[in-house]
Amino acid sequence: MKARQRQLLWIAVVLIVVLACSFYSANGPQTTAVLAGTVRAATLLTLGALCGMIGERSGVVNIGIEGQFLMSAFFAFTVTSITGSLFMGAMAGIATGLTMGWMLAAMAVGLKVDQIIAGTVLNIGALGLTSFFYDGSRSLGVGKYTNIDLGSLADLPLVGTVFFSRPPITYLTMVLLVVVHVALFRSVWGMRTRAIGEHPGAADTVGIDVLRLRYINVTLAGGFAGLGGSYLALEAVGTFSRGMSGGRGFLALAVMIFGRRSPFGAYAAALFFGFTTALQNHFQLNSVFDIPPQFVGMLPFVVTIIVVALSGLMGSMRDPAALGQTYEKG
Amino acid sequence: MTDLLLAARNVTKQFPGVLANDDVSVELKPGRILALLGENGAGKSTLVNVLFGMYRPDGGQIIIKDEVVDLRGPDDAISRGIGMVHQHFQLVPPMRVVENIVLGAEPTKRGLVDLDEARLRVVELSTKYGLEVDPDALVEDLPVGMQQRVEILKALYRNADVLILDEPTGVLTPQEADHLLRVLRGLTETGVGIVFITHKLREVLAIADDIVVLREGRVVGTTTPDQATESGLAEMMVGRSVVLRVEKQAAQPGDVVLQVDDLKVNDDRGQLAVDGVSLQVRAGEIVGVAGVEGNGQRELVEAITGLRHASSGAMAIGGKPLTNSSTRQIAANGVGHIPEDREKHGIIAAYSLAENSVLNRYHRTPFSSRGIMHREVIYEHAQSVVEEFDVRTPSVTVAASSLSGGNKQKLIVGREFSENIKLLVAAQPTRGIDIGAIEFIHRRIVEQRDKGAAVLLVSAELDEILSLADRVAVLYDGKLVDVLDANVATRERVGLLMAGITD
Amino acid sequence: MSRSTLRSVAVPLAAVILGLLIGALLIVSQGASPVTAYSSLIQGGLGDGDALLRTLQKATPLIFGGLAVAFAFKAGLFNIGGQGQLLVGAVFAAAVGFGVDGLPTFIHLPAALIAGALAGAIWGGIAGALKATTGAHEVIVTIMLNFVAGNLTDWLSANPWKDNSGNNIVARTPLVEDSATIPTLGAVPVGFLLAVITAIGCWMILERSTYGFEVRSVGQNRNAAHYAGIKVGWTMASTMAVAGTLAALGGAVESLGVDGRFEAGVNVGLGFEGITIALLARANPLGVIPAALLVGLMEAGASRMQFKAGVAPELIDVIQALILFFVAAPMIVRWLLRMRQGDSEQLRLGAGWGNS
Amino acid sequence: SSDDGGGVSGGYTIGLVTDTGKVDDKSFNQSAWEGAQNGAGNILGATASYIETEESKDYANNIQLFLDDGAKIIVTVGFGLGGATIEAAQANPDVLFIGVDQWQNEALPNLVGLMFPEANAGFMAGALAGMLTETNIVGAVLGTDLVPPVVFFKEGWENGARYTNPEVQTISTYHPGGLDVAFGDPEWGATTARQALDQGADIIFGAGGATGNGALIEVAGEAGALCVGVDQDQWFTVPEAHPCLVTSAMKLINIGVAHLIAEAYAGTMEGGNYFGEVGLAPFHDFDGVVTSEMRSTLEEVMAGLADGSINPMP
Ligand SMILES: Nc1ncnc2c1ncn2[C@@H]1O[C@H](COP(=O)(O)OP(=O)(O)OP(=O)(O)O)[C@@H](O)[C@H]1O
Ligand SMILES: Nc1ncnc2c1ncn2[C@@H]1O[C@H](COP(=O)(O)OP(=O)(O)OP(=O)(O)O)[C@@H](O)[C@H]1O
Ligand SMILES: [Mg+2]
Ligand SMILES: [Mg+2]
């Protein structure tokens, strides 16, 4: 099965490369635009998925990613607007994410509040607070993060624009993907994290402090959503507006599950979703089909449902065994 | 050399409403094996959990290597050289053997887990103690016997010189159990001290140096194997005399009730687990299915009871073909099923005893009609099951999760026996329960047989098969290697068949 | 009132008070008066017949939405799809409501409700059936279906079912016929009564019927449910269909009893609030009623609060989050009230999450 | 005049009810609110206050709150409030109503619908874009086709571009999601604007609340690309867009509202429809970019639109 999956993966990769190249030779700018849009739309979803993944791997469901995005975007924006420094803003976003993560941990791990409730508290609270305190007269002032070309790589056709001419948080996200992958599957922390998500009792009996590790992980994971919020306000958009996360925290959750709770899986799922989004814009921009935008707009969602169902048929994935359960010692 | 490896001095542990350990004192010296005996709920697990730092005692002292210690948690105990193999394995199923063994004490290289180093050490340990395992296998793919080796290796990896084993043989075949006992003996020769909990008196007499018997949280006796007998120990545990042999008349087999023809069944991973089994069970007889766990027993039972799809072959009950029928249809044809895994299949922990007592017949009259449940009827039914089957519980409205293992089992047996059944499929019906309850359940099974039911008994417990079955079928690698009459089925002969040796 | 009822009411009550107290701090931080704010909030929600009517109207879809989440929880399923289910229910009920005429009320109104309910059953059932047959996680599928439903209903109301009369330029259907309109009795909308009856019905089904037993068994232990002869897949699929029906009824009642038509963008967010309501109610169908009334009251009074005290209506969201937090973390409330810890009062829903 | 929510009983009160949205939305609610404040400022002792509608079901109630408070003039913003406003006007003949973007089929004496020929504004902006583009690709990132003014802006924009530049390729896209998110999704606006830029567009029209603003800000980050705002002079509402904002296709809601308030106060307001002004915002930093040739073309276009010789939506 493992080998079969790997085989399928390679076939998919080759297919994508071949298709991309042939489309590129047919219409360069449009192909570049679609693929660049794909990669771009994937960043936020990936950051959210990383946040959710670390929580779920530790046995804690996080449905508060949406709220974490929104609150972090708000503070990233506000701090940048006050200090005039994008870096300070980005840091503030991460700090906000960590704080939101800590609040989730305090509720779900410390106070043993039901995890779904804890996440919902974050979502409603963030929407309410950011809307309540948002000051429409503020603006970023310094302009948003702009693309950094990676030397001559950026001049390559197609991949240059798609991968090597990107703003900083996008690059950082790609680095973090690798870091989280290595940490999760190779490091001591990762091994223990996976253990407490699958069988906290077993971890406990070998002396791992389950509650403490969950506390730490859920808090840390918030940092990824926080970076996502910074991305949203400082890199993707360049301002704040009420409810600007627009359900992407939930989409990130879907992407995480779809990507089988692994960093690269999630990235692939996010790219896939980003692709359907970019494709749908492409169809409209270039009047490829003459159908109402409402139908074109369904494309990413319908395709995702179909793919999730098909991949379920191909071999269902399993949730971490202890997911959603409060751990009681003894 | 230390004198006392591990000791409890007047340990008291109180749970809400239960005094689980009451002024308990035990001692373990280097190179010795201490056996803890007692019926379900006597406080054995509680005591060893206290010794391992999982629970904090409410009173008394713990002594490790001549030193009074205050254990803050298992890591404290581990760092002092205590290792424990829990009653319910504490392994992470989707992780590799080697990962499970080093978890919590991982060797590292450049900040990452050094699995190569870990693998080396695991192989080294397993050859040294005769505990062969494949370090890269996923634990979830391993049979229980293997999983237990992993548990023991886990303790040894941490340089334990005290090994606590809570009911380690409960899930093993006789061969595996014997092997384990030999391994434990070998360990004591290196100076390791062992605390050993079991319900099997034979094992205690075979291996222990000291025996401590608990009842209702108190030590009721301390003895040694040369002074003790099986019946004496049993009486000390239960507080009354216990019949260890099952009293039964010769079987009076009637018509064929269960007919299985060339059945093939796959396991969870899609591998062929039951490979063309044909079998008959007649009314009024008990057919025991012996076999090392993982040789297709589970899949066979699940296919017969409708929990699992058979890929080919046929199955009929009372002449009615029911291959791949639903559990409900099969039950409706007079089949009672005591499932192997009571927590997984047999009960719903959050449900009350009353709801559990109708778990697979809530949809029938008199428990419900036209889609409406009749709560009074269900309540009364549960009351009668509880009374008749001696389920110890304050009331039938409490959640089943509050019952002890033995009492959960009695509830299930009571439920399955509360109707006239043509066929009883009993899988591991007495696993993990104490002698008193075993005696009770065995008597009930024979009673069913004598009322004319056909009984298919699957057990990893060879003694149970030999004492109950009228015919013994042996499964090996998914195939039925032989069916013996009880009078020719000796321990040795069945044991060899279980190992796949047919001649 | 017995001691135990008193205790079971004490925690939610204290949670509400604590939420309002913290909310008062926010009001003060904005330079407004909490007393004015809260008194106008209550007046706006209960002050007169109109206010009461609006509170009940707002509570109605919240009850349905809360039930849609709570019912699915019982089978261990997390229905985030209330929004989509509500939308399809609303648009199909409206379509039958305006598209057919000449029918007597006792046929037309039920027909419109059933049309909405069916649409919701299908919408929820898709997620359930996919879960049962392919293992597709219901959380993913219901999230995606929300987006699809939003687009679909927008399109329907802007194209085939658009109100082309007079000066309408908006994406909305024509008004439903009188014979399909849910009436109001004084200050009490009949839709609200329907919601209350539905809540009681859900409770009866879950606690007293064999189907409820099956649903709960699947939620508690799928393996044991299978052992007990319950068709696990069918139960999951049907539970999601029931949940979809419940949410859709909320939408149908909005179209037929409150708005008089379906209009794009009008029912936004209603479906998501069901999650809050279900959680506030601790997934108990009967608890959904007071939870929805509380939230409905706050939402009905929010405009007046802004009008009189100048406090932005988003404050309501913050207070809701706080109340939910205090309800879910009863030890805090108990500690404040010096109450003894209850045994197993802690609510557990998340356990249903990790068992796909 | 008071500039926050909260009714002030007594005195001459002007009430404003927003569509679902906030008075600081940098868009039509904000513009209308500015108009109401200006209108009140010109009347001695008058105060203006607002209620922000949370849910469209509250339209009638929110109007009623002002009626109960004795408001003399009530401004309702957005076509969504059309129905509720007509009902309130019929029930309260003594109160004057101004309905922004609300077309009046039948004139009521106390209700005026403030309408704008958005297509004209879009056409002018498009005409300018057609002249400014070097790649001959102009893009539009729009709210939703479910809202007619957005459609008018878009059609006008495309036709205007073609009018001055027959070679031009117009690439436009509506937000593909529901009405609930169409105006509040700057992330999509930005991503889509980028996709249009990557495809070669060098001037982009952002029309759709926060969604459109996202597009403007994205273009601001692209050296050499231009953007066009909508509704108000977005130079002032979206300062982040300064690097690219060449103009905005304005519908001067604030001026229209203030004007109608003055008429209402003076008792000269006539029921029915009133057409407010549309036009292009100043070019600000891009004054030098717009050549005098372009300016004269724009003037011709404006004249043509005014006398009907140019049809912005043929
Ligand atoms: N965590 C707990 N909370 C409450 N009561 C407990 C807990 N653990 C054990 N008990 C109670 O303490 C008593 C002793 O239980 P213990 O597990 O030590 O029994 P045991 O001798 O190991 O039984 P068995 O043979 O079934 O394993 C029982 O009455 C049990 O119900
Ligand atoms: N939280 C708890 N509250 C009450 N009793 C408990 C609790 N946890 C465990 N117990 C009881 O502790 C005892 C020992 O638990 P354990 O898990 O060892 O089960 P057991 O009785 O040994 O059953 P098994 O046959 O499955 O081994 C049981 O009687 C169980 O009911
Ligand atoms: Mg025990
Ligand atoms: Mg036991």
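No hydrogens, no waters, no symmetry mates; every other heavy atom, side chains included, goes into these values.
Contact count against chain A (heavy-atom pairs under 4.5 Å) is highest for D/I217 among D/L146, D/I217, D/V238. Between chain D and the residues A/G143, A/A236, A/A278, A/G246, the largest count of heavy-atom pairs under 4.5 Å involves A/A278.
Contacts of A/L232 with chain D are made by side-chain atoms alone, with heavy-atom separations under 4.5 Å and no backbone atom involved. Of the two parts of A/V142, neither the backbone nor the side chain holds a non-hydrogen atom closer than 4.5 Å to a non-hydrogen atom of chain D.
Closest approach of D/P186 to A/V237, counting heavy atoms only: CB-CG1, 3.4 Å.
Within 6.0 Å of CZ in D/F236 there are more than 12 heavy atoms belonging to other residues, nucleotides or ligands.
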List, with distances to 0.1 Å, the donor-acceptor pairs found between chain D and chain A - the cut-off being under 3.5 Å and no angle criterion applied.
| from | atom 1 | to | atom 2 | distance (Å) |
| --- | --- | --- | --- | --- |
| D/D24 | OD1 | A/R242 | NH1 | 3.0 |
| D/D24 | OD2 | A/R242 | NH2 | 3.4 |
| D/D145 | OD1 | A/Q294 | NE2 | 2.9 |
| D/T173 | OG1 | A/Q284 | OE1 | 3.3 |
| D/T173 | OG1 | A/Q284 | NE2 | 3.3 |
| D/Y174 | N | A/Q284 | OE1 | 2.9 |
| D/Y174 | O | A/Q284 | NE2 | 2.9 |
| D/D185 | OD1 | A/R248 | NH1 | 3.2 |
| D/D185 | OD1 | A/R248 | NH2 | 2.9 |
| D/D185 | OD2 | A/R248 | NH2 | 3.1 |
| D/E187 | OE1 | A/R248 | NE | 3.3 |
| D/E187 | OE1 | A/R248 | NH2 | 3.2 |
| D/W188 | NE1 | A/N281 | OD1 | 3.1 |
| D/T191 | OG1 | A/R40 | NE | 3.4 |
| D/T192 | OG1 | A/N281 | ND2 | 3.1 |
| D/Q195 | NE2 | A/A278 | O | 2.8 |
| D/Q199 | OE1 | A/N286 | ND2 | 3.2 |
| D/Q199 | NE2 | A/N286 | OD1 | 2.5 |
| D/E218 | OE1 | A/R40 | NH1 | 3.3 |
| D/E218 | OE1 | A/R40 | NH2 | 2.7 |
| D/E218 | OE1 | A/K144 | NZ | 2.3 |
| D/E218 | OE2 | A/R40 | NH1 | 2.9 |
| D/E240 | OE2 | A/L140 | N | 3.3 |
| D/E240 | OE2 | A/T239 | OG1 | 3.3 |

